[in-house]
Amino acid sequence: MTEETKSLRDIRLEKLKRLRELGIDPYPVATPRSHAVAAIVADGAAFEGVEVTVAGRLTAQRTHGKASFADLVDGSGKIQLYFKADLLGDRYKLFDLLDLGDFVSAAGKVFTTRTGEITVAVEDFTLLAKGLRTPPIVKTEKTAEGDVVHDEFADPEKRYRKRYLDIMVNEPARRRVLAHATLLSLARRYMEENGYVEIETPILQPLYGGANARPFTTYHADLEMDLYLRVADELYLKRLLVAGFEKVYEIGKDFRNESIDRIHYPEFTMLEAYEAFGDYRTMLALTQGLITAAAQEIAGSHKITFEGRELDLSTPWPELSMVETLNERSAKFGIDDVLACAEEDLRALFEGGPLVELKPKVEGRWSRPRAIDVLFDALVVPELWRPTVVVDFPAELSPLAKRQKDNPALAERFELFIAHMEFANAFSEQNDPFVQREAFEAQARAGAAGDEEAQQLDEDFLEALEYGMPPAGGLGIGMDRLAMLLADAPNIREVIAFPQLRTKQP
RNA sequence: GAGCCGCUAGCUCAGUCGGUCAGAGCACCGGCCUUUUAAGCCGGGAGUCCUGGGUUCGAAUCCCAGGCGGCUCACCA
C-alpha cells in the first residue's frame, strides 16, 4: 500500500538510497570524457569500433529485457547508448537504478545499429548526478512530413517559471536564448573590428537621461541618496567623447519602468555607439553592416523568415522621409504640410475628425511634434516590413540631436524600422551647449507639466559640452529585439533567459 | 490599468446538460522482451480539479471574490 502512495520523487530517493548502499556515490566528482557526442555522430563511419567515453543526460530509454537503448544528450547533441547484459555482466542491473534526467558517463565502442543509428555499445558506465525530479518527457516522432513533437512542454507559465526545464527539453527555447548570446558576442566583435572601444558607464545614476522614459529608482544607503537605474547610456558615453575617445560603445542593460509586451521589456539590452567626426549617416553604415552580419551568422542569410513571412535584410535599405510621407498620407484629410499647417487643423483630425480613435494618444499632452509622432505610428509604421530608414524627424522629438542645416525644424536623425518595429535610433549628436540647454529646459518644462518620461536637466553634462564635444554620430540598437527578429521568436521574452514573472503565493 | 481566454496526475490534455467524471497518452511501478528509436505487449499505482466563499440533495462543471498566466488594447521606442 505504501508502494502505491509514493511520489515519483520518493521512488527516485529510494533508488538513490540503494545506490549508496551499493557503495556508489550518486554525486561524484567529474570523470574525463573523450568526445562531445556531436563529433561522433557527425562522422560515425570514422568512429566505427573506436572506444569512446561520453557524458551527458539520459533523455530516453527503450528497454528490451537484457538489452536496452538510451539517449544521451550533452551540450553538443544526442547519441544513442546500448546497454547489453553480454557486455556489462552484473553491472547491467544497475541500469535499472538510472532514471531519465540523470547525468551519466558511458564508455564503449561505437557501432551502427541495423536501423543506421550511431550508437555506443556501453562497456562501463558511471552515474554522474542523480536526478530526483522527473523532467518533462518530450518525444519527437520522425515522419515523412517532418518532426512531430509529442507532449511538448508548452504551458507558457511553466516554461517561463522553470526556464531551465524549458531550455532542457525544448530545442527552440535553447536556440533562441543562444541566438541572443551569439548576437551580443558578434556585436562586440564587430564593433571592435571597426575600431570601437567598449567602456562601461554607470547603471546607478543620480540623474537619468538620454531617453524619454520612466525610470526605476533605488537608494544607496551609505551615500544616503536616491539613485536611478539608467534609461540610456547616452550622456555618459558622450562625456567620453569630450574626454577624447573617438569611437566608444557599450552593450548593456537599460531599465525603463514600463509594462511588458511582445516587443518591450523593462530591463533590456542596448548597444549604444558614438563616433567622433561622424554623423547619423556614419551610424547608418555601421547599423547596416552590423545587422546584416548578425543575420548572416544567426539566421544564415540576409533573407530570413519572421512570423511566417519572408524578410529581406539586404542593404542598402530604402529610406523614407517621415514628414514627406506623412504629408502624402494626410493630404486626404486636407493637410499637406504637417509642419506648416495651422495647428488647429491638425488638432481637428483627432478632435472628432477622421482620426478620432487616436485622440487618447494625444490627449493631455498635445503638441505638434507629438501629433506627428502619433500619426506616423498609425499611418505609416504598419506598412514598414522590409528594413526602412526613416529620416526627417521633427527636431522637438529629438532633444539630443542636431538640427538639419537647411531645415531647422527637422533633426539629423534616422530610425530603423523592420517588420513594424523600431530597431535603431541614431542622430548627429547635439554638441552646442546653448542649443542643448534650451532643449533640456523644454524637457524640464514638460516634466513639470506632468510628463513622467521627460528628460532631466543635466548640468554636469552641459558643463562637459562647454569643454567641447567633437561633432559625432550616435546610435542605439535594441539587441533583444534584434535577437527576436533573427531567431524568429514570437515574443521578446523568448530570447531572454529568465523573463520576469509575478511571484506566485501558495 | 481594461477586455477576452486559460488553470484537472510529474508532462500534454479530455471531461457533454450539475448526477460512476476523477479520465486518457507519455512518464512511473511490476511482469515479458538481446539492434530499438513516440520500441512493443500484459498488469498496476498516481489528484488541494488554482484558492476562498456561495447556490444545490449533489459542484471540476453554475455564481461571487481573489491568485497566477497568455493574447489584445492602453502605457511604452
Side-chain angles (χ1 to χ4, degrees), chain A residues 1-12 14-15 59-71 78 80-88 92 96 99-101 111-117 119 121 131-143 147-162 165-166 169-170 211-214 231-232 254 256-266 268 270 357-358 360-361 363 373 376-377 381 397 415-417 421-425 452-453 476-478 480-481 490-493 499 501-506:
Chain A
M1 192 55 69
T2 51
E3 287 266 326
E4 291 154 14
T5 56
K6 266 176 204 147
S7 70
L8 296 181
R9 186 164 180 271
D10 290 337
I11 291 165
R12 286 176 178 238
E14 245 174 42
K15 290 184 182 178
T59 60
Q61 52 186 358
R62 295 173 288 280
T63 60
H64 295 259
K66 295 189 173 57
S68 299
F69 293 93
D71 291 340
K78 179 168 83 178
Q80 181 168 258
L81 303 179
Y82 186 44
F83 294 82
K84 194 179 180 186
D86 294 352
L87 287 172
L88 289 162
Y92 182 74
D96 287 339
D99 286 299
L100 296 183
F111 76 107
T112 306
T113 65
R114 266 203 308 244
T115 53
E117 180 112 359
T119 302
L132 299 182
R133 295 176 187 267
T134 306
I137 308 298
V138 179
K139 297 193 174 187
T140 306
E141 179 185 13
K142 292 179 171 57
T143 71
D147 289 356
V148 177
V149 177
H150 297 272
D151 298 327
E152 183 178 9
F153 184 56
D155 182 287
E157 181 173 358
K158 286 172 183 154
R159 287 183 53 230
Y160 289 144
R161 277 193 202 284
K162 302 288 176 196
L165 292 179
D166 185 31
V169 304
N170 289 334
N212 295 73
R214 185 150 61 113
V231 299
D254 288 346
R256 301 186 184 176
N257 211 333
E258 61 199 24
S259 57
I260 298 168
D261 66 20
R262 197 174 67 91
I263 58 170
H264 294 92
Y265 193 73
F268 64 102
M270 177 88 103
E357 74 273 10
L358 299 176
K361 289 180 176 281
E363 218 164 31
D373 199 32
F376 187 76
D377 274 351
V381 171
L397 289 177
E415 280 191 356
L416 172 65
F417 284 86
M421 295 179 275
E422 184 202 330
F423 280 83
N425 183 18
E452 281 186 312
E453 287 132 28
I477 299 178
D480 315 287
R481 247 182 231 185
N491 190 303
I492 199 166
R493 283 167 300 170
L501 291 177
R502 278 196 175 87
T503 308
K504 204 162 191 173
Q505 306 287 6

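Proteins come first, then strands; the chains are lettered A, B, ... in the order of their sequence lines, and each starts at number 1.
Neither OP1 nor OP2 of B/rG10 sits under 4.0 Å from any side-chain N or O of A/Arg9. In terms of phosphate contacts, A/Lys139 brings a side-chain nitrogen or oxygen within less than 4.0 Å of OP1 or OP2 of B/rA27. When the side-chain nitrogen and oxygen atoms of A/Lys361 are compared with OP1 and OP2 of B/rC76, none of them lie within a distance under 4.0 Å. Taking side-chain N and O atoms only, A/Lys158 has a distance below 4.0 Å to OP1 or OP2 of B/rU12. Between A/Arg493 and B/rC71, a side-chain N or O to OP1/OP2 separation shorter than 4.0 Å is present. Between A/Gln61 and B/rC28 there is a side-chain polar atom (N or O) within less than 4.0 angstrom of OP1 or OP2. Side-chain N/O atoms of A/Arg62 include none lying less than 4.0 angstrom from OP1 or OP2 on B/rU36.
Across all strands shown, A/Lys162 has no heavy atoms under 4.0 Å from either base or sugar-phosphate atoms. Within 4.0 Å (heavy atoms only), A/Ile137 reaches sugar-phosphate atoms of the nucleic acid but no base atom. Across all strands, A/Ile263 comes closer than 4.0 Å to no nucleic acid atom at all (heavy-atom distances). A/Thr134 comes within contact range of the sugar-phosphate backbone alone, with a heavy-atom separation under 4.0 Å but no base atom that close.
The listed nucleotides are B/rC68, B/rC29, B/rU72; the one nearest the side chain of A/Ile11 is B/rC29. Each of B/rC26, B/rA27, B/rG70 was ranked by its minimum atom distance to the side chain of A/Leu100; first place goes to B/rA27. Candidate nucleotides B/rU37, B/rU12, B/rG69 were compared by shortest atom distance to the side chain of A/Thr115, and B/rU37 ranks first. Listed candidates were B/rU36, B/rU34, B/rU12. Nearest to the side chain of A/Lys84 is B/rU34.
Comparing B/rG45 with B/rG31, their C1' atoms are spaced 15 Å from each other, to the whole Å. For the P atoms, the distance linking B/rG70 with B/rG43 amounts to 42 Å, nearest Å.
Ranked by how close their nearest RNA chain B nucleotide is to the 5' end, A/Ile260 and A/Arg502 are led by A/Arg502. With the nearest nucleotide of RNA chain B identified for both A/Met270 and A/Asn491, A/Asn491 has the one nearer the 5' end.
A donor N or O paired with an acceptor N or O is not found under 3.5 Å between the base of B/rG69 and the side-chain atoms of A/Asp155. Within 3.5 Å, a donor on the side chain of A/Ser259 pairs with an acceptor on the base of B/rA74, or the reverse.
Judged purely by distance below 3.5 Å, without hydrogens or angles, the side chains of A/Glu258 and A/His264 never pair a donor atom with an acceptor atom. For the residue pair A/Tyr92 / A/Ser68, a side-chain donor-acceptor distance below 3.5 Å is found, with atom types taken as modelled.
Pair assignment for B/rA22 gives none, since no Watson-Crick or G-U wobble pairing has each distance under 3.5 Å.
Residue-nucleotide stacking is not present for A/His150 and B/rG25, judged by a side-chain ring centre under 5.5 Å from the six-membered base ring centre and planes under 30° apart.
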